[in-house]
Amino acid sequence: MQITFLDSYTLNPGDLDLSPLTDIGPCDTFPSTSPEDILDRLSDTTILITNKCIIDKKIIISLSKLQFIQVAATGYNNIDLDAARSRNIPVSNVSGYSTTSVAQHTFAMLLGYLNKAESYALESRDGKWSNQAQFSYWHSPIEELSSKKLGIIGLGTIGREVAKIGQAFGMSITSLARGPEKDTLDYVKYLDEETFYQTADVISLHCPLNDQTRGIISTVKLQMMKPTSILVNTSRGGTVNELDLKNGLERGEIAAALLDVLSTEPPGADHILLSAPNCYITPHQAWASLQARRRLLEGIVSNIKAFQKGNPQNVVNL
């Protein structure tokens with residue numbers, strides 16, 4: 001079975017061994033693939049692997065040899081699931097591989113903002129500490145996480161890991177109430193929407209992007225929040241109305257936004273949030289620790305082997 005990985009650079013920029021893929025069959029890997037080259041590269045493919053390439057109905061019905069699609073990620077909105085289903089082509093994903101990595105990045109951003117350790121290290125190297133009259137030096141208050149309220153939107157696997165770490169820092173955990181049958185975590189205080197936004201010191205997004213969550217952070221929600229509160233988004237860029245956030249930061253409605261995702265990635269050089277005050281952006285890397293990418297590769301290989309044995313697993317369209 002011919003395997004083709006259309007955009008392997010997303011998984012392996014050069015620090016992973018992809019031999020587990022080549023061990024299970026002939027495998028062509030391309031660092032990236034333009035839309036114009038997809039059909040040509042997949043003409044003899046039985047097993048397709050992709051992260052972000054758009055695999056639409058036209059592509060799926062054109063590939064007579066295609067039997068299995070493996071998404072090198074958890075999200076699969078780039079695949080036409082109905083078209084694959086119409087041809088009995090299973091589409092599988094990998095979930096859970098990035099939980100630890102995303103949770104760690106969430107707090108790396110929070111601590112980076114509150115403690116400014118890297119900034120002070122650079123200032124010390126530049127001689128600013130050496131020029132002080134006192135033994136200790138800082139130029140803005142340093143806030144502790146302990147006793148702060150951490151509001152989490154999306155208490156799935158990642159959200160719960162973030163909650164666990166927040167507890168270890170001495171934070172109290174809140175979330176949006178969904179009903180007694182769903183509000184089951186005894187360490188979480190479930191609140192109505194207004195109370196949730198009004199009382200949280202940190203709001204961290206860990207929800208999927210769908211019709212219910214698209215633009216969930218808007219002017220209305222920002223104006224409910226405290227001017228000292230911090231917004232963290234390591235989920236999906238579309239969960240935040242970016243123009244509303246820019247305006248809210250300019251008006252001082254919240255203290256800061258710490259974002260690892262944007263609605264368009266990579267953003268244009270003129271993206272409105274790149275120059276917004278107190279907006280700190282990392283380039284969609286929360287998921288991408290070396291260990292997480294190794295787990296992702298293991299999941300891809302496991303799914304392909306299961307398909308080859310006639311028992312596809314982690315199927316999202318059948």
Side-chain angles (χ1 to χ4, degrees), residues 103 106-107 109-115 140-156 158-261 263 272-273 276-281:
T106 298
F107 283 92
M109 296 188 80
L110 265 174
L111 294 170
Y113 172 73
L114 293 175
N115 287 74
S140 60
I142 301 169
E143 293 279 346
E144 295 180 350
L145 289 177
S146 179
S147 78
K148 292 190 183 300
K149 288 184 173 63
L150 171 59
I152 298 177
I153 300 178
L155 279 171
I158 294 174
R160 294 184 186 208
E161 185 70 13
V162 168
K164 183 174 72 174
I165 297 172
Q167 283 186 301
F169 274 109
M171 305 181 79
S172 58
I173 313 301
T174 66
S175 190
L176 290 167
R178 299 180 299 166
E181 73 285 355
K182 295 182 178 180
D183 299 344
T184 57
L185 299 176
D186 56 10
Y187 59 85
V188 176
K189 188 172 184 179
Y190 294 94
L191 304 173
D192 65 88
E193 185 176 272
E194 187 173 3
T195 305
F196 172 81
Y197 284 101
Q198 287 179 345
T199 60
D201 297 297
V202 178
I203 289 180
S204 193
L205 297 172
H206 301 286
C207 50
L209 180 61
N210 53 41
D211 290 341
Q212 288 70 48
T213 63
R214 189 178 304 277
I216 192 172
I217 301 300
S218 62
T219 294
V220 172
K221 307 297 175 50
L222 292 167
Q223 290 179 346
M224 289 182 186
M225 296 166 67
K226 297 187 289 188
T228 55
S229 61
I230 302 166
L231 174 69
V232 186
N233 189 10
T234 56
S235 60
R236 291 290 182 266
T239 57
V240 174
N241 183 310
E242 293 174 338
L243 180 58
D244 286 1
L245 178 58
K246 173 184 179 292
N247 292 335
L249 288 167
E250 290 176 346
R251 291 191 294 258
E253 290 170 352
I254 62 172
L258 316 178
L259 313 175
D260 185 58
V261 288
S263 59
I272 58 174
L273 289 178
N278 297 316
C279 188
Y280 302 86
I281 302 171

J.: Locate the shortest heavy-atom distance separating Cys279 from Leu249; write the atom from each residue and the value.
T.: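 Minimum heavy-atom separation between Cys279 and Leu249: CB-CD1, 3.8 Å.
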
J.: Identify the heavy atoms of Gly166 and Leu150 that sit nearest to each other, and give their distance.
T.: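 Looking at all heavy atoms of both residues, the closest pair is CA-CD2, 4.2 Å.
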
J.: Against Leu114, only a single residue in Val202, Ile142, Leu145 fulfils side-chain contact (heavy atoms from CB on, under 4.5 Å); can you say which?
T.: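 Result for side-chain contact (heavy atoms from CB on, under 4.5 Å) with Leu114: Leu145.
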
J.: Please check if the side chain of Asp244 supplies one atom and the backbone of Thr219 the other of a donor-acceptor pair under 3.5 Å.
T.: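 Yes: the side chain of Asp244 pairs with the backbone of Thr219.
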
J.: Heavy atoms only: give me the nearest Ser229-Ala200 pair and the separation to one decimal.
T.: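 That closest heavy-atom pairing would be CB-O, 3.6 Å.
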
J.: Is the number of heavy atoms from other residues, nucleotides or ligands under 6.0 Å of Lys149 NZ greater than 12?
T.: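 For Lys149, atom NZ is not crowded (no more than 12 foreign heavy atoms under 6.0 Å).
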
J.: To the nearest 0.5 Å, what is the distance between CD1 on Ile152 and OG on Ser175?
T.: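 Rounded to the nearest 0.5 Å, the CD1-OG separation comes to 7.0 Å.
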
J.: Suppose we screen for side-chain contact (heavy atoms from CB on, under 4.5 Å). Which residues come up paired with Ala177, at least two apart in sequence or across chains?
T.: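 Asp183, Tyr190.
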
J.: Any salt bridge between Glu250 and Lys246, counting N to O under 4.0 Å?
T.: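 Salt bridge present between Glu250 and Lys246.
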
J.: Rounded to the nearest 0.5 Å, what separates atom OG in Ser204 from atom CG in Leu110?
T.: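 If we round to the nearest 0.5 Å, Ser204:OG and Leu110:CG are 7.0 Å apart.
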
J.: Heavy atoms only: give me the nearest Ala163-Tyr187 pair and the separation to one decimal.
T.: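 In this case the closest contact between Ala163 and Tyr187 is CB-CE1, 3.7 Å.
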
J.: Step by step, work out the side-chain contact (heavy atoms from CB on, under 4.5 Å) result for Ile203 and Ile230.
T.: CA-CA 6 Å; Ile203 289 180; Ile230 302 166; over 6 Å; no

J.: Quick one: list whatever passes salt bridge (Lys or Arg N to Asp or Glu O under 4.0 Å) with Asp201, sequence neighbours left out.
T.: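 Lys226.
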
J.: Would a distance-only check, ignoring hydrogens and angles, find a side-chain to backbone donor-acceptor pair under 3.5 Å from Thr199 to Thr195?
T.: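 Present.
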
J.: With rounding to the nearest 0.5 angstrom, report the CG to CG distance, Asn233 to Leu259.
T.: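 The CG atom of Leu259 is 6.0 Å from CG of Asn233, to the nearest 0.5 Å.
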
J.: Where do Tyr113 and Glu143 land on the side-chain contact (heavy atoms from CB on, under 4.5 Å) test, with the steps shown first?
T.: CA-CA 10 Å; Tyr113 172 73; Glu143 293 279 346; over 6 Å; no

J.: Between Tyr197 and Ile153, is any pair of side-chain heavy atoms under 4.5 Å apart?
T.: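 Yes; the side chains approach each other to less than 4.5 Å.
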
J.: Say you draw a straight line from CZ of Phe196 to OG1 of Thr174; how long is it, rounded to the nearest 0.5 Å?
T.: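 One gets 5.0 Å once the value is rounded to the nearest 0.5 Å.
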
J.: Applying side-chain contact (heavy atoms from CB on, under 4.5 Å) to Leu222 and Leu245, what does each step give before you reach the verdict?
T.: CA-CA 8 Å; Leu222 292 167; Leu245 178 58; 4.1 Å; yes

J.: Would a distance-only check, ignoring hydrogens and angles, find a side-chain to backbone donor-acceptor pair under 3.5 Å from Glu242 to Leu273?
T.: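 Checked: no pair found.
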
J.: Supply the atom-to-atom distance Ser172 OG to Lys148 NZ, rounded to the nearest 0.5 angstrom.
T.: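 With rounding to 0.5 Å, OG (Ser172) is 10.5 Å from NZ (Lys148).
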
J.: Could you tell me whether a side-chain N or O of Arg214 sits under 3.5 Å from a main-chain N or O of Thr239, the two making a donor and an acceptor?
T.: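 Looks like no, no N/O pair under 3.5 Å.
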
J.: Specify the closest pair of heavy atoms between Glu193 and Met224, including all atoms of both residues, with the distance to one decimal.
T.: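 Minimum heavy-atom contact is OE2-CE, 4.2 Å.
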
J.: Do Ile281 and Asp260 touch side chain to side chain, with heavy atoms closer than 4.5 Å?
T.: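 Heavy-atom side-chain distance check fails, nothing below 4.5 Å.
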
J.: Does the side-chain contact (heavy atoms from CB on, under 4.5 Å) test come out yes or no for His206 and Thr106, once each step is laid out?
T.: CA-CA 10 Å; His206 301 286; Thr106 298; 3.5 Å; yes

J.: Please report the closest heavy-atom contact between Phe107 and Met171, naming both atoms and the distance.
T.: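 Heavy atoms of Phe107 and Met171 come nearest at CE2-SD, 4.2 Å.
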
J.: Working to the nearest 0.5 Å, report the span between CG of Leu111 and CG of Asn115.
T.: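 The CG atom of Asn115 is 6.0 Å from CG of Leu111, to the nearest 0.5 Å.
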
J.: Contact between Thr234 and Val261 at the side-chain level, heavy atoms closer than 4.5 Å - yes or no?
T.: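 No, too far: nothing below the 4.5 Å cut-off.
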
